[in-house]
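Because the structure is predicted, anything quoted here is derived from the model rather than measured. Here is the naming used below: chain letters follow the sequence lines, and residue numbers restart at 1 for every chain.
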Amino acid sequence: MEKAKQQPRSITYVAAITEGVRAILNEQDNAFVAGEDVAGAGSVFGYYRGLLAEFGENRLFDTPISEKAIMGLGVGAAATGCRPIIDIMFMDFIAECMDEVTNQLAKMRYMFGGAATLPVTVLTMSGGGMNMAAQHSQCLEAWLAHLPGVKVVMPATPYDAKGLVIAAARDNNPVFVVLNKLSLGIRGEVPEEVYEVPIGKANVVREGSNYTIVAVSRMVHEAVKAADELAGLGLDAEVIDVRSIQPLDTALIIKSVEKTHRALVVHEAVRFGGIGGEIAAQIQELAFDHLDAPVARVGAPFSPVPFSPVLEATYMPNAAKIVAEVRKTLEI
Amino acid sequence: MEKAKQQPRSITYVAAITEGVRAILNEQDNAFVAGEDVAGAGSVFGYYRGLLAEFGENRLFDTPISEKAIMGLGVGAAATGCRPIIDIMFMDFIAECMDEVTNQLAKMRYMFGGAATLPVTVLTMSGGGMNMAAQHSQCLEAWLAHLPGVKVVMPATPYDAKGLVIAAARDNNPVFVVLNKLSLGIRGEVPEEVYEVPIGKANVVREGSNYTIVAVSRMVHEAVKAADELAGLGLDAEVIDVRSIQPLDTALIIKSVEKTHRALVVHEAVRFGGIGGEIAAQIQELAFDHLDAPVARVGAPFSPVPFSPVLEATYMPNAAKIVAEVRKTLEI
Amino acid sequence: MARQPVRRARTNGTKSEAKSATRSATKGATKSTAESTTRGTAKRPANTAAKSPAKSSKKGRARSPARRTAKSRSAAETGTRSATSGPSDRVLQELHLRMARIRKFEEAAGGLMEDGKIPGALHLYVGQEAVASGIMQHLSDEDQITSTHRGHGHLIAKGGAFPEMFAELFGKASGYCKGKGGSMHISNMSLGMLGANGIVGGGPPIAMGAAFSNKFRGTDRVAVCFFGDGASNEGSFHEAANMASLYKLPCIFVCENNGYGEYTAQENHQAIRDVADRAAGYGMPGVVVDGMDVMAVYEAAGEAIDRARRGDGPSLLEAKTYRFFDHVGMRGMGLTYRSDEELEAWRRKDALLSFEAMLLDMGVMTKRKLTSFYKKLDEELAAAIQFAEASPFPDPSELLEDVYSVA
Amino acid sequence: MARQPVRRARTNGTKSEAKSATRSATKGATKSTAESTTRGTAKRPANTAAKSPAKSSKKGRARSPARRTAKSRSAAETGTRSATSGPSDRVLQELHLRMARIRKFEEAAGGLMEDGKIPGALHLYVGQEAVASGIMQHLSDEDQITSTHRGHGHLIAKGGAFPEMFAELFGKASGYCKGKGGSMHISNMSLGMLGANGIVGGGPPIAMGAAFSNKFRGTDRVAVCFFGDGASNEGSFHEAANMASLYKLPCIFVCENNGYGEYTAQENHQAIRDVADRAAGYGMPGVVVDGMDVMAVYEAAGEAIDRARRGDGPSLLEAKTYRFFDHVGMRGMGLTYRSDEELEAWRRKDALLSFEAMLLDMGVMTKRKLTSFYKKLDEELAAAIQFAEASPFPDPSELLEDVYSVA
Ligand SMILES: Cc1ncc(C[n+]2csc(CCOP(=O)(O)OP(=O)(O)O)c2C)c(N)n1
Ligand SMILES: Cc1ncc(C[n+]2csc(CCOP(=O)(O)OP(=O)(O)O)c2C)c(N)n1
Ligand SMILES: [Mg+2]
Ligand SMILES: [Mg+2]
């Protein structure tokens with residue numbers, strides 16, 4: 001795990017994103033931010049707040065409500081020498097520009113035989129738990145991870161949020177930084193310095209000896225809670241924060257499972273067809289002889305995200321569901 | 001497997017689709033076809049050819065090149081009493097209307113507490129192998145299968161093409177019928193009568209005792225070829241055509257694996273994040289103690305579909321790759 | 001640039017140049033009737049006998065005005081179609097009723113949200129009441145509408161009942177969507193309300209599809225989509241408008257231009273002043289109307305809806321309006337993107353208050369009636385909120401219901 | 001309704017009514033200069049001395065006309081800007097060269113596809129040559145374009161070399177995209193050609209993004225997107241046009257209206273005749289130009305491009321044109337969606353042949369020069385095809401290269 005080298009301070013996830021973006025705007029003259037209400041309002045989630053005053057209106061651009069044009073702006077500007085930071089307010093709205101993402105952004109370099117370089121960073125906000133109902137709560141990262149040509153990172157902590165934003169914006173490829181709503185207020189140590197969290201490297205956030213929980217985004221924190229509970233059942237669970245789902249740090253995951261012999265994958269996205277299927281399939285393929293139990297999975301049930309608080313509470317994956325799934329799989 | 005009850009004739013996949021659509025237009029007064037070049041041209045793939053003359057211009061509608069409006073037309077018309085058959089010419093273009101698919105079509109019923117019923121059938125053409133390059137060759141069914149609220153079927157044979165089109169159009173839910181380009185000319189026995197192939201039921205197309213190949217769409221035929229080759233290696237492979245990936249016939253797949261103890265999943269879509277991950281994850285989860293080897297997977301490599309014939313040939317999954325993967329997994 | 005209230009309706013979409021190569025059918029926007037101010041004159045049409053829907057129903061709540069079937073539409077239509085006579089008292093009272101019901105509901109709902117009693121986010125319709133009311137006056141339950149994230153007003157004007165609406169906002173099982181939709185997806189199929197929509201621009205393609213269905217099924221029903229100035233920049237609007245015009249669908253595109261998309265002023269999201277300017281590009285009439293004047297909206301909507309029912313195709317109606325509260329909730333996030341002066345200028349044009357003044361003037365309404373009217377409305381609201389609060393939450397087991405139709 | 005060739009350029013987007021509430025900056029489309037026919041008069045500007053780029057280069061192929069840097073633009077610009085003098089001989093010859101190169105390349109490529117020698121599908125540009133040529137005459141390599149599925153002509157006019165183009169169509173490693181793109185994705189970044197595009201409507205947002213970049217980086221470069229009548233119904237066009245106008249980007253939207261989207265006639269895909277009518281809805285000028293008249297295109301494009309370079313924002317230029325072959329390939333699928341008479345009427349307006357007749361008339365070209373010009377072009381084509389055929393296919397190991405940048 002990367003360590004803060006100096007000035008350890010505890011700041012929020014949302015403030016960490018701001019710091020990451022600020023670092024890039026300072027560092028890269030050709031970087032700018034474009035999206036709905038990113039400049040004047042500093043994003044409805046607040047993570048660009050203050051940057052307009054700091055960098056001026058030639059670096060942050062409020063756009064019309066036109067996701068296709070916003071993503072197209074990123075593609076065209078990146079292909080011609082800029083380093084756009086594109087904001088898609090809610091991840092649900094990425095559906096509006098999946099053509100630009102899939103057929104242009106992800107493929108242009110390949111189709112052009114390597115002649116185009118597309119350093120586009122896309123920030124977008126996923127996740128439920130805030131009673132925002134079916135169209136403002138989705139986790140659609142599995143779509144993106146299935147697309148050759150893009151990278152997809154999902155920070156769970158303030159430290160990773162800052163470091164991954166910086167790494168994404170320095171990367172010469174399209175990188176989606178999939179943020180999480182319920183994480184916005186999470187606090188953690190974040191150095192003031194500018195640093196990268198390398199894309200494609202997972203992180204062992206809790207070491208353990210006989211169970212591996214592979215967690216995506218905010219589920220990392222639920223997994224840690226679950227691990228604490230599992231300790232009472234005699235399980236010493238290791239928790240891995242995948243951080244990047246494309247590329248995926250398969251090696252680290254397999255190393256852990258070879259040690260622990262059992263694994264569970266958890267994400268907030270709908271379980272069926274989620275990235276957990278890919279991870280579980282890889283684990284059983286590459287660590288088959290090491291497995292003492294089937295790779296378990298926890299994800300959202302097969303329904304849209306309901307509005308009603310009681311239903312949404314039932315819907316959301318959490319520590320209790322992880323523990324229940326572990327117990328079921330291990331029959332303990 | 002459903003059996004033709006009378007008049008066995010051999011017709012092509014494309015003709016079978018036409019028969020399915022014809023049956024629905026005859027049967028359902030409120031059914032119509034809408035999409036780009038579906039009426040006058042009978043689709044660029046030819047599967048509506050003749051239907052305009054037969055049913056008139058009040059049943060088949062050429063639309064503008066406006067995928068969002070086309071899908072929206074399906075949603076709005078279905079919610080108000082029609083049974084639209086919506087055509088999205090190439091599956092790649094579904095990216096243009098993923099909002100209408102994801103945020104409207106898939107969720108309207110749920111968000112409305114069950115008050116809306118959306119009998120929309122979407123026909124769309126997937127797959128490579130015809131030198132149509134990166135934007136006209138994709139298999140994006142994994143996106144759809146991850147969406148609660150829609151069903152997804154993928155016929156591999158003329159028989160299933162007709163039966164699944166009919167079942168889809170009779171279903172009161174949104175159903176995607178994902179067709180395959182290279183399958184258009186495949187011939188097979190198709191009864192003249194009107195019949196359904198039930199959605200959510202897989203099909204054992206070749207029985208076997210000690211290996212299971214779970215195949216999606218055209219890969220069924222490659223799997224059968226591979227099975228023939230594997231016989232020479234002492235393997236008696238069972239081939240399952242999943243036919244429907246949402247819902248998935250998990251029970252049939254597990255039953256087979258419990259008998260054979262080994263399995264491979266194959267689809268033409270990019271392997272990483274494809275539906276094969278979900279299927280493999282389910283197999284190892286539900287048949288863990290029956291497995292003698294890891295569940296293997298074959299899919300396209302992690303790149304956009306290349307144009308050049310030699311590269312595309314290298315890209316496409318096929319029988320040889322299935323055999324190679326089986327040998328690698330079983331170390332034979 | 002301060003945003004100023006507008007005064008009069010205008011018809012856009014016509015052009016000065018003779019355009020030989022252009023089919024005349026798609027040009028020459030209809031003349032707007034919205035210019036005629038009918039207030040004050042108010043001649044009564046013959047068939048005004050219809051019972052006042054503002055009367056309390058058995059249950060003690062004011063009967064929802066839109067709850068009429070196609071058969072009872074004649075009075076409203078007469079009111080619209082006659083150029084020489086104003087609308088009937090009944091129409092005037094219904095327009096008022098719709099506006100007042102929206103205003104009161106929204107203020108109550110906003111308060112409940114700010115107090116943390118309603119979960120999630122509410123986008124309030126206060127300020128824009130004249131738009132939904134003037135348009136819905138022409139529609140029956142069989143006509144469809146699609147709404148926006150700011151959807152309560154549309155549903156109320158279409159006949160939505162307070163108890164089921166509050167229950168939905170609270171996430172209760174007795175809500176219109178069994179608690180599964182909430183504010184952003186509130187809907188009622190039997191009222192022809194095809195949903196509020198959390199996706200900006202989500203409505204137009206769906207309304208166009210409903211209009212297609214109306215025509216396909218041989219009915220004379222119309223579909224109306226409401227959308228904002230911000231939404232007019234979404235590709236979905238463009239595609240739906242083009243398709244509706246191509247097929248001459250009975251679809252009315254109603255742009256509620258309140259000058260802002262979230263915190264971004266119109267001048268910072270499009271280089272035009274009138275969204276109605278876009279109509280010509282689809283070959284349909286584009287009309288600008290004062291959205292703070294319910295009679296102007298009512299007249300312009302009547303024209304567009306009649307045109308659609310006649311089979312002459314869609315129209316784009318732009319209502320210049322303003323939201324009195326913030327983008328979300330009442331107080332919002334505390335951003336200062338609108339000036340106090342601007343807000344004041346628009347508040348002076350308050351559609352409900354000015355219409356009430358006119359009704360008092362005309363003698364259609366008296367101070368006393370108004371007082372008792374609001375008293376009854378307050379009681380109805382209180383009862384509805386009580387109903388919603390007392391209603392149970394859905395059972396967790398209902399989570400996986402309604403994903404698919406099992407019939 | 002038979003589709004008739006048009007004759008003259010028109011400016012759309014102005015309206016008769018005084019519109020008090022509308023900012024004047026966004027209205028009042030620029031006056032089109034395209035109405036002036038410059039043929040025949042052809043006064044020479046002073047600085048015509050530029051060497052003829054039509055001369056053979058060392059390698060025996062005609063030098064590609066667009067291969068000029070920003071510095072050498074002055075002659076072309078002078079030709080455009082002076083209302084009283086026509087363009088120079090050099091400009092006239094370059095326009096001809098571009099058109100002839102496209103025509104010949106496409107006929108050869110079409111033949112190779114029909115013979116099964118080129119894999120996949122080609123969408124041929126024959127008939128539309130005047131559009132790409134008239135516009136590209138104003139651009140340097142630093143100006144960007146986005147193209148369509150029908151993209152060869154755009155690349156040729158922008159300076160694309162035949163050998164690398166044929167090699168790409170054949171799927172060879174020596175192709176512009178190493179064989180990975182093929183006809184529908186042919187591109188060359190150093191020529192500012194940001195790709196043919198298999199997605200209808202794929203280009204406009206990208207060109208708008210390039211124009212944004214040009215402005216952001218403080219250059220005077222422009223970005224031009226080409227798209228069809230069919231593509232004008234995609235939401236992507238709408239969103240890109242609105243955004244370009246809002247930010248006053250140096251972006252030119254060029255609609256090549258050939259009357260059909262695949263097999264669907266314009267009247268069956270939109271209820272307007274002139275796509276340029278949509279410009280007013282974005283607050284930009286809309287100009288209709290005869291796309292079979294390269295001089296008219298050249299003039300109108302000059303105006304729009306100058307405007308963009310001046311920082312005055314985007315324009316929509318609609319060129320009425322026609323494709324002489326079928327949607328795909330030459331013979332197509334054998335559908336009868338266009339009448340022989342219609343095809344004949346348009347073929348009589350053949351932009352290349354009529355321009356050649358004019359050049360002969362003017363004495364800028366002689367029959368003899370023309371004969372040797374075509375002979376040389378044929379030789380160049382033959383050599384290019386030979387190069388392509390002789391080139392190796394990419395090695396299978398290259399499959400996974402170029403997915404990501406590793407730098
Ligand atoms: C596709 C999409 N993009 C962005 C948003 C976020 N959003 C919600 S409301 C809104 C502003 C809409 O403005 P307008 O259409 O003018 O409606 P108003 O809020 O003014 O009524 C935005 C950007 C969204 N919900 N959907
Ligand atoms: C998003 C998308 N929808 C549909 C298609 C299929 N398609 C390819 S070309 C074409 C017609 C395009 O018409 P137009 O824009 O007028 O260009 P033209 O072919 O006439 O040059 C269509 C529908 C596509 N490639 N992309
Ligand atoms: Mg607004
Ligand atoms: Mg065309």
Taking side chain as everything from C-beta outward and backbone as N, CA, C, O, which of these in [X] sits under 4.5 Å from a heavy atom of chain D? Side chain, backbone, both or neither.
X        : result
A:Lys151 : both
A:Leu147 : backbone
A:Met71  : neither
A:Asp171 : neither
A:Asn58  : backbone

As an exercise: rank [options] by heavy-atom pairs under 4.5 Å with chain A and give me the winner.
options                      : answer
D:Gly192, D:Ser213, D:Ala244 : D:Ser213
D:Pro204, D:Ala210, D:Gly235 : D:Ala210
D:Gly181, D:Gly182, D:Ser187 : D:Ser187

Could you give the distance from [atom1] ([X]) to [atom2] ([Y]), rounded to the nearest 0.5 Å?
X        : Y        : atom1 : atom2 : answer
A:Lys107 : D:Ile199 : NZ    : CD1   : 8.5 Å
A:Lys68  : D:Glu234 : NZ    : CD    : 6.5 Å
A:Met111 : D:Met184 : CE    : CE    : 10.0 Å
A:Cys82  : D:Arg217 : SG    : CZ    : 5.5 Å

Margin query: Could you report the tightest heavy-atom contact between D:Ala240 and A:Ala69, atom names first, then the distance?
Written below: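 What the structure gives for the nearest pair is N-CB, 4.1 Å.
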Check: Would A:Tyr110 and D:Tyr404 count as a close aromatic pair, with their ring centres under 6.0 Å?
Finding: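 No, the ring of A:Tyr110 stays outside the 6.0 Å limit from the ring of D:Tyr404, centre to centre.
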Next item on the list: Would you check if the distance from the ring center of A:Phe112 to the ring center of D:Tyr176 is below 6.0 Å?
Entry: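 Here the rings of D:Tyr176 and A:Phe112 have centres that are no less than 6.0 Å from each other.
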Notebook entry, point to check: Taking the side chain as C-beta and beyond, is there a heavy-atom pair between D:Phe216 and A:Arg59 under 4.5 Å?
Noted result: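 Yes, close enough: below the 4.5 Å cut-off.
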Notebook entry, point to check: So, do A:Thr117 and D:Met189 sit near enough that their side-chain heavy atoms are less than 4.5 Å apart?
Noted result: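 In short, these two side chains do not touch, never coming nearer than 4.5 Å.
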Margin query: As a quick check of understanding, evaluate side-chain contact (heavy atoms from CB on, under 4.5 Å) for D:Val403 and A:Arg109, giving each step before the final call.
Written below: CA-CA 7 Å; D:Val403 182; A:Arg109 179 179 182 82; over 6 Å; no
Checklist line | Residues A:Thr80, D:Leu194; criterion side-chain contact (heavy atoms from CB on, under 4.5 Å); working and verdict | finding: CA-CA 9 Å; A:Thr80 55; D:Leu194 307 187; 4.1 Å; yes
Could you look at [X] and say if it's the side chain, the backbone, both or neither that has a heavy atom under 4.5 Å from chain A?
X        : result
D:Asn197 : side chain
D:Glu401 : backbone
D:Ser236 : both

Check: What option among A:Leu73, A:Ile70, A:Val75 has the most heavy-atom pairs under 4.5 Å with chain D?
Finding: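 Option with the top pair count is A:Leu73.
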Next item on the list: Identify which of A:Ala79, A:Gly74, A:Gly149 forms the greatest number of heavy-atom pairs closer than 4.5 Å to chain D.
Entry: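 Winner by heavy-atom pair count: A:Gly149.
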Note to self: Check whether A:Asn172 reaches the backbone of D:Ser405 with its side chain - one donor and one acceptor, N or O, closer than 3.5 Å.
What the structure shows: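 The answer is no, because no donor-acceptor pair under 3.5 Å joins these two groups.
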Check: How far apart are the C-alpha atoms of A:Glu100 and D:Ile206, what are their side-chain angles, what is the distance that settles it, and do they pass the side-chain contact (heavy atoms from CB on, under 4.5 Å) test?
Finding: CA-CA 9 Å; A:Glu100 284 67 27; D:Ile206 299 173; over 6 Å; no
Next item on the list: Could you tell me how the ring of A:Phe32 sits relative to the ring of D:Phe212: parallel (under 30°), tilted (30 to 60°) or perpendicular (over 60°)?
Entry: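 Rings of A:Phe32 and D:Phe212: tilted, as their planes differ by 30° to 60°.
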